[in-house]
Each structure stands twice: as structure tokens, then as C-alpha cells.
Trainee: 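Pasting a structure here, questions to come.
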Amino acid sequence: MFKIKLDGGKTMEVEESLFWHTTSHIMAQAVKRVFPNAKLAIGPAIENGFYYDFDVEKPFSEEDLKSIEEEMKKIVKEDLRLERFELPRDEAIKLMEEKNEPYKVELIKDLKEGETISFYKQGDFTDLCRGPHLLSTGSVKAFKLLSTSGAYWRGNEKNKMLQRIYAVSFPKASMLEEHLAMLEEAKQRDHRKIGKDLELFMTHELVGSGLPLYLPKGATIRRLLERYIQDKEIALGYSHVYTPSLANVSLYKTSGHWDHYKDDMFPPMQMENEELVLRPMNCPHHMLVYKNKLHSYKELPIRIGELANDFRYEASGSVCGLERVRQMCQNDAHLFVRPDQIKDEVGNVLKLIVEVYQKDFGFSKDSFKYRLSLRDKNNKEKYIDNDAMWETAESQLREILKELNIDFYEAEGEAAFYGPKIDIQIKTALNHDVTIPTCQLDFALPERFDLEYIGSDGEKYRPVVIHRAILGTSDRFISFLIEETKGHFPLWLAPTQVKVLSIGENQVEYAKQIVSKLAGANIRVELDDREEKIGYKIREAQLQKVPYMLIIGQKEVDNEMVGVRSSKEGDLGAMSYNDFVDKIKSEIKL
């Protein structure tokens, strides 16, 4: 919420979206003044500001943005009142035709018959809009036009390319300064930039959007992460499997994904007498793994895990580095439990999440929020139709969170289509809430796949399934970790843990011996024996975020020592090789 001052010195609170939407009208009015022939499209508020799309003769330049900002300042100074009025459909179309606004005419024609058609007027500017808005333009005290880009009308590549201006505004200049500083910090943390600088991953148009290629250093990080989580799961009694990335469409019709998730899947491929599709998730395969043989109640819980490639049909405009991709490796598991085991198993999953994120990766407890994600009762067609199942599952998760004394909040409409879930929201370094680990309760898929176990009385019973992901996907977790650490990975995860730097040619042989011994001790090491000044080599190793550098000069050679430099602590002085290895190995241990 923003606080704004009114006439007479009073203040009132308004939603950020309302404030930003009003500023989008101010920007549109300024564009029309500077570029009278510009045609208006849409200008909504978004998560961190707003944008407006315009049909103009050529893309906006930096100079154009400056001119628009100057005109916006004039409009704010004029303190124009925003006045709402309504028109019948025919009159609304006529008004927009007279103003030569074809995109507004199209929007009006697409409205349902009988729907209210409203406009907002400020001075000489009128725009089609539902509102609401601020009372006047004078409340907008600070704003910044951030960037421009091309955008297809209505997001359809068959339509005309428009020009979009992204911007943000605030009721105080200090708030704008703080926001711009945050944006600059976000640029420095952008995992796409760091990933390129550190040679972790790449993309290429010949491969396709949303399909990153892991380079050797990025592949090292991913391999270590996946081994780490597998080892943890195996120690907790998980059994890992491999299942195919393709499956018959019938599998997803049985699971319900075809009815509820088809739009997010790639189109099926016709293969002789069957239709195959790339899987969007692994649970249907794991249902069949469980069903492969009959189980006794004594065997439960059965925990089936997999690091599996999944595929989702993401629009090209929404894919982003490793954060949002079309092929992802999911750290997935499904726990098949008796009803009396639900509480303990969900509790164990939550304990594992805390161990991974707080103990091993060092995230603060205060950065965690627990969300109980429920179905939207007013939009039931999105979910499997079984009211009794939903009531039971939601109430059980709610009771578990309460019994474990975990503070949580509830969010309708955030459940999976087959059941409610506990999502852990993590506050990032950029103050964003992201959901990575999750734990879901499912009574539906066991029913759909007719899963059973033999109880102590010899009768057949239905198990309950707990879906859980600790790292989420390897890809998204790595993008999250890059941005949280700015590429300064924990020592155990750093692709290069030590870089050995020789000062001159006479020290190269000794440096090579150190490299060989470190590699033999399972420490990831690189040698820089180029004929460059040592200061240059150190700066380059620092830019590559290498945790430790070993400087090898003649003094180190003569005394059989290594000069140790830490990326965090700076120069640590000379050490024996054995002392350094003991130091680094103690730090590598989780």
C-alpha cells in the first residue's frame, strides 16, 4: 500500500496497482502529446510497476523516453482530475473511432453485450478503462521509464508488433531511489548474466527457447547437487528409479493430467498404433512402479524417488534462463503411506526441507513462510471432482501444520489439481517470495490407478500418496542459488575450488605438482601458468568467484609452501600443502 497526501494535508492509503495504473494513463497522455499519431493499446499495472503498449512509426529511443518523462512531469504539475464516465456500446465505439484508436475499438467490440463500458478523462486525454484511479495526477511524485521492448498485440505473433514502455512510480522520490537501487542489485544478481560470466550455461536459437545447455562448470554444480540430494534421500529410506520421458496419452488420461493439464503439455506424437507424449511430471509413472507388485501394510511407507526430466509447453516469451525452462530435471518423490502414517511422513518431509535449506545452505529461518495451498471452491472444474477427498486432505494438512506448531497461511486456488499442498515460500535476497520445496497430499491418484496394500486383517486397503520435491527442479534451484550467492557458491559446490597461480616460469613445475596432488585428493583445481602478471591472474580468479587461490612464487618453491588467498578473507599467508588440504577438506564437509 502507498500513502498519498490529499488536499488539506490528509493522507490515504491506496493499492500499488491503482497508483501504477493511474501513472500508466499519465504516460499514455504524455506519449500522445509528444507523438500525436501514436495509437493506444493497453497499459496495465504489473507486479513491480506498469507498462503501456503503443503503435508508433518506429521504436522509442532513449531521447524519446526523456521527452516523454518531461511531458509526464508537466501533466503531474497540472494536477489534472481523473473523471469517470460511461457510454453505451455504439457511442463508445464512435468516440474511439473519432479519436482514431483502432485497438480500443477492437477491445470494445470484444466486450460482452450489456457489459459496462467506462472511460477515464484527465484534461485533454481520454482512455477506455475499468479503473479505479487516483483522484488526480498530482499525487504521482516520482516515476521512471525503465525500458522498451517489442510486444505483439494481444500476445499473438500473427498480430502487429507494438512498442511497450515499462515504468514504475511512487508517491515519494526516496521510494523511487530505493527501488532503482534494488533494480541495480537485481541486475548484478541476474543468474543469466552470472551464468554467462562464469561459463555455467548457454542458450542457442538452433536448440530452441527454454532449452539451456549446461557447460562443464554448470554441469559440475548440477551433478554435485543431484548426488547430494540423492544421498540424503537414500539415507532416509528412499528407493530411486528411472522411468521414461515418454508415455502413452492413455497414462495421462488415467491420471487426470490430460483433462486438467493438457494445455501445459507438448502435443502428442502419433507412433504406429499409439499416441506418445512428453511427460510433464513423474507421478503417473511412479503409481505404476508401486502397482508392479502387491504390498503388505508392513512395507509401507514406500518412498520412490527420481531425478527425472519433465517437459512443459512454456510460451517463448515466458522462458527465462534456468528459472523457467521447457525441459527440467525434477527432484521428485512419491511416498506411499497408510493413513496412520501421514502425519509422521509429512513431518519428515518438512524436517528434510529445513535441514537442506537452513542447515546445509544456511538460509535464515525468518526467510521461510509456509503456505497451505487449497483448491478454489468457486472454480471446481480445475480440480479432480471429489468434495469428500478435498475436505479430508485439506483438513489433514491443516491439522499437521498446527500439531507441528508451524505458522502458516492459507491460499485458495493454489492447490494441485489432484490435491492440496504445503508450499514453502522463501524470501530471496531481492525480497521476492519464491516457492521451491513443496509437499502435497493426494487421495485421488491412488484411486484412479486402483492402488492397494494388504492390511493386518488380510483385507485390501487404499494407500495415500505424498508428492514432495525438495530442490524443486535442478534448473530452478541453480538459478535461485546463483542469484542468492552472486555466484559465490559454497566451497563444496564451487565448480573450481582452488586455482593455482604461478608467478613466473621458474615456479610452473612446482605449481603443476601442487595441482596434481590436489586433484588426487579429490579437490577441483585449475592451473593458471600463463605469462601474465600475478595481479592480473588474481583479479581474473576473483571475477571467476574461485574460493581459494594458491600463489606460487620462488619463496613458496624454496620452502615447499603455498601462498593462500581466500576470496572472502583475502591474503591468509603461507601454509604447508598438508595444512591447506586439512583446512579446505574441513570446510568442504557439510
Side-chain angles (χ1 to χ4, degrees), residues 1-4 6 12-33 38-55 68 72 75-76 78-140 143 145-146 151-156 159-160 162-171 317 376 378-379 382 412-413:
M1 299 288 283
F2 288 158
K3 282 187 177 181
I4 62 172
L6 303 175
M12 69 176 291
E13 289 191 338
V14 297
E15 294 280 352
E16 289 97 332
S17 58
L18 185 153
F19 192 92
W20 289 330
H21 193 188
T22 300
T23 318
S24 80
H25 279 228
I26 295 172
M27 182 171 73
Q29 183 178 16
V31 168
K32 291 290 285 186
R33 287 185 180 182
K39 305 294 187 297
L40 303 174
I42 57 171
I46 53 178
E47 184 180 0
N48 285 302
F50 58 93
Y51 69 79
Y52 211 113
D53 291 343
F54 304 94
D55 186 352
I68 295 166
M72 290 175 69
I75 294 168
V76 169
E78 291 169 20
D79 196 19
L80 304 173
R81 294 195 65 78
L82 282 90
E83 303 170 14
R84 185 179 188 275
F85 65 93
E86 297 176 6
L87 289 176
R89 187 185 190 87
D90 290 345
E91 291 183 33
I93 292 173
K94 182 180 178 182
L95 174 63
M96 290 294 99
E97 286 178 338
E98 289 173 351
K99 290 183 174 293
N100 195 19
E101 298 291 355
Y103 299 100
K104 301 295 183 181
V105 171
E106 182 178 328
L107 291 172
I108 294 169
K109 288 181 176 179
D110 287 347
L111 294 175
K112 294 178 182 177
E113 287 291 340
E115 190 168 341
T116 300
I117 302 173
S118 61
F119 296 85
Y120 278 81
K121 182 178 184 297
Q122 58 199 54
D124 59 356
F125 178 77
T126 300
D127 201 354
L128 173 72
C129 187
R130 288 193 181 94
H133 283 283
L134 300 175
L135 297 177
S136 72
T137 62
S139 298
V140 180
F143 51 83
L145 306 192
L146 300 171
Y152 291 110
W153 169 234
R154 291 190 154 182
N156 188 333
N159 291 335
K160 186 170 184 179
L162 307 178
Q163 294 301 308
R164 176 173 295 177
I165 300 178
Y166 287 98
V168 71
S169 62
F170 294 94
D376 182 352
N378 297 316
N379 193 12
K382 289 173 56 180
E412 284 195 2

Trainee: By side-chain hydrogen bond (donor to acceptor under 3.5 Å, both in side chains), which residues pair with Asn156, not counting sequence neighbours?
Mentor: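 With neighbours one apart ignored, the set is empty.
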Trainee: May I have the list of side-chain donor-acceptor pairs in residues 91-101 shorter than 3.5 Å, sequence neighbours left out?
Mentor:
from: Glu101; atom 1: OE1; to: Leu40; atom 2: N; distance (Å): 2.7
from: Glu101; atom 1: OE2; to: Lys32; atom 2: NZ; distance (Å): 2.9

Trainee: Keeping the roles fixed (side chain from Ser17, backbone from Ala45), state whether a donor-acceptor pair exists under 3.5 Å.
Mentor: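 Side chain of Ser17 to backbone of Ala45, a donor-acceptor pair under 3.5 Å: no, none is there.
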Trainee: Would you please name every residue forming a salt bridge (Lys or Arg N to Asp or Glu O under 4.0 Å) with Asp124, sequence neighbours left out?
Mentor: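 In terms of salt bridge (Lys or Arg N to Asp or Glu O under 4.0 Å), with neighbours along the sequence ignored, Asp124 is linked to Arg33.
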Trainee: Of all heavy-atom pairs between Tyr51 and Met27, which one has the smallest distance, and what is that distance?
Mentor: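 The answer is C-CE, 4.3 Å.
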Trainee: Applying side-chain hydrogen bond (donor to acceptor under 3.5 Å, both in side chains), can you list everything that pairs with Arg130, at least two apart in sequence or on another chain?
Mentor: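 Checked Arg130 against side-chain hydrogen bond (donor to acceptor under 3.5 Å, both in side chains); matches are Glu115.
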Trainee: Could I get the full list of salt bridge (Lys or Arg N to Asp or Glu O under 4.0 Å) partners for Lys160, not counting sequence neighbours?
Mentor: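 By the salt bridge (Lys or Arg N to Asp or Glu O under 4.0 Å) rule, Lys160 matches Asp55.
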Trainee: Any donor-acceptor pair under 3.5 Å linking the side chain of Lys109 with the backbone of Leu111?
Mentor: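 No, Lys109 side chain to Leu111 backbone: no donor-acceptor pair under 3.5 Å.
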Trainee: If you measure from CD1 on Ile117 to CG on Leu107, what distance do you get to the nearest 0.5 Å?
Mentor: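 Going from the CD1 atom of Ile117 to the CG atom of Leu107 covers 11.0 Å.
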Trainee: Considering only heavy atoms from C-beta outward, does the side chain of Gln29 approach that of Leu80 to under 4.5 Å?
Mentor: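 The answer is yes, as the side chains (C-beta and beyond) meet within the 4.5 Å cut-off.
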Trainee: Please round to the nearest 0.5 Å and tell me the distance separating atom CG of Asp127 and atom NZ of Lys121.
Mentor: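 Those atoms lie 13.0 Å apart.
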Trainee: Is there a side-chain contact between Lys39 and Lys104 (heavy atoms, below 4.5 Å)?
Mentor: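 Side chain of Lys39 against side chain of Lys104, heavy atoms only: no contact under 4.5 Å found.
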Trainee: The criterion is salt bridge (Lys or Arg N to Asp or Glu O under 4.0 Å); which residues satisfy it with Glu13, sequence neighbours excluded?
Mentor: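 Salt bridge (Lys or Arg N to Asp or Glu O under 4.0 Å) list for Glu13, sorted by chain: empty.
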Trainee: Could you pull out all residues at least two apart from Ser24 that satisfy side chain to side chain contact (heavy atoms under 4.5 Å, CB included)?
Mentor: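 With neighbours one apart ignored, the set is His21, Phe50, Tyr52.
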Trainee: Please name the pair of heavy atoms, one in His25 and one in Tyr120, separated by the smallest distance, quoted to 0.1 Å.
Mentor: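 Nearest pair, atom of His25 first, then Tyr120: CE1-CB, 4.3 Å.
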Trainee: Decide side chain to side chain contact (heavy atoms under 4.5 Å, CB included) for Met72 and Leu145; before the verdict, give the C-alpha distance in whole Å, the side-chain angles of both, and the deciding distance to 0.1 Å.
Mentor: CA-CA 10 Å; Met72 290 175 69; Leu145 306 192; 3.9 Å; yes
Trainee: If I compare all heavy atoms of Pro132 with all of Leu18, which pair ends up nearest, and what's the gap?
Mentor: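 Looking at all heavy atoms of both residues, the shortest contact is CG-CD1, 3.6 Å.
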Trainee: Asp79 and Gly138: which non-hydrogen atoms are nearest, and at how many Å?
Mentor: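 In terms of heavy atoms, the two residues are closest at OD1-N, 3.0 Å.
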Trainee: Please enumerate all residues that pass side chain to side chain contact (heavy atoms under 4.5 Å, CB included) together with Glu86, with sequence neighbours excluded.
Mentor: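 Arg84, Thr116, Ser118.
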Trainee: Could you list the residues that satisfy side-chain hydrogen bond (donor to acceptor under 3.5 Å, both in side chains) with Ser169, not counting sequence neighbours?
Mentor: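 Scan of Ser169 (side-chain hydrogen bond (donor to acceptor under 3.5 Å, both in side chains), adjacent residues dropped) gives Thr23.
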Trainee: Which heavy atom of Leu134 sits nearest a heavy atom of Ser139, and at what distance?
Mentor: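 Scanning both residues, the minimum pair turns out to be CD1-CB, 3.9 Å.
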Trainee: Taking only residues two or more places apart in sequence or in another chain, which ones pass side chain to side chain contact (heavy atoms under 4.5 Å, CB included) with Asp90?
Mentor: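 Partners of Asp90 by the side chain to side chain contact (heavy atoms under 4.5 Å, CB included) criterion come out as none, since no residue qualifies.
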Trainee: State, to 0.1 Å, how close Leu128 and Ile108 come at their nearest heavy-atom pair, and which atoms those are.
Mentor: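 Leu128 and Ile108 have their closest heavy atoms at CD2-CG1, 3.8 Å.
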Trainee: If I take atom CZ from residue Phe54 and atom CZ from residue Arg164, how far apart are they, to the nearest 0.5 angstrom?
Mentor: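 If I round to the nearest 0.5 Å, the distance is 11.0 Å.
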Trainee: Only counting residues at least two apart or in another chain, list the ones meeting side chain to side chain contact (heavy atoms under 4.5 Å, CB included) with Asn48.
Mentor: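 Asn48 satisfies side chain to side chain contact (heavy atoms under 4.5 Å, CB included) with His179, His432 once adjacent residues are dropped.
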Trainee: Can you pull the ring-ring contact (aromatic ring centres under 6.0 Å, His included) pairs that have at least one residue in residues 88-113, sequence neighbours excluded?
Mentor: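 For residues 88-113, and leaving out neighbouring residues, the ring-ring contact (aromatic ring centres under 6.0 Å, His included) pairs sorted by first residue read Tyr103-Trp153.
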Trainee: Please report the interatomic distance OG(Ser136) to CD1(Ile26), rounded to the nearest 0.5 Å.
Mentor: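 Answer rounded to 0.5 Å: 8.5 Å.
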Trainee: Have a look at Arg154 and tell me which of Ile42, Asp53, Asn159, Leu162 forms a side-chain contact (heavy atoms from CB on, under 4.5 Å) with it.
Mentor: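 With Arg154 as partner, Ile42, Asp53, Asn159, Leu162 yield a single side-chain contact (heavy atoms from CB on, under 4.5 Å), made by Asn159.
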Trainee: Would Thr22 and Gln122 satisfy side chain to side chain contact (heavy atoms under 4.5 Å, CB included), going step by step from the backbone distance to the final call?
Mentor: CA-CA 10 Å; Thr22 300; Gln122 58 199 54; 5.5 Å; no
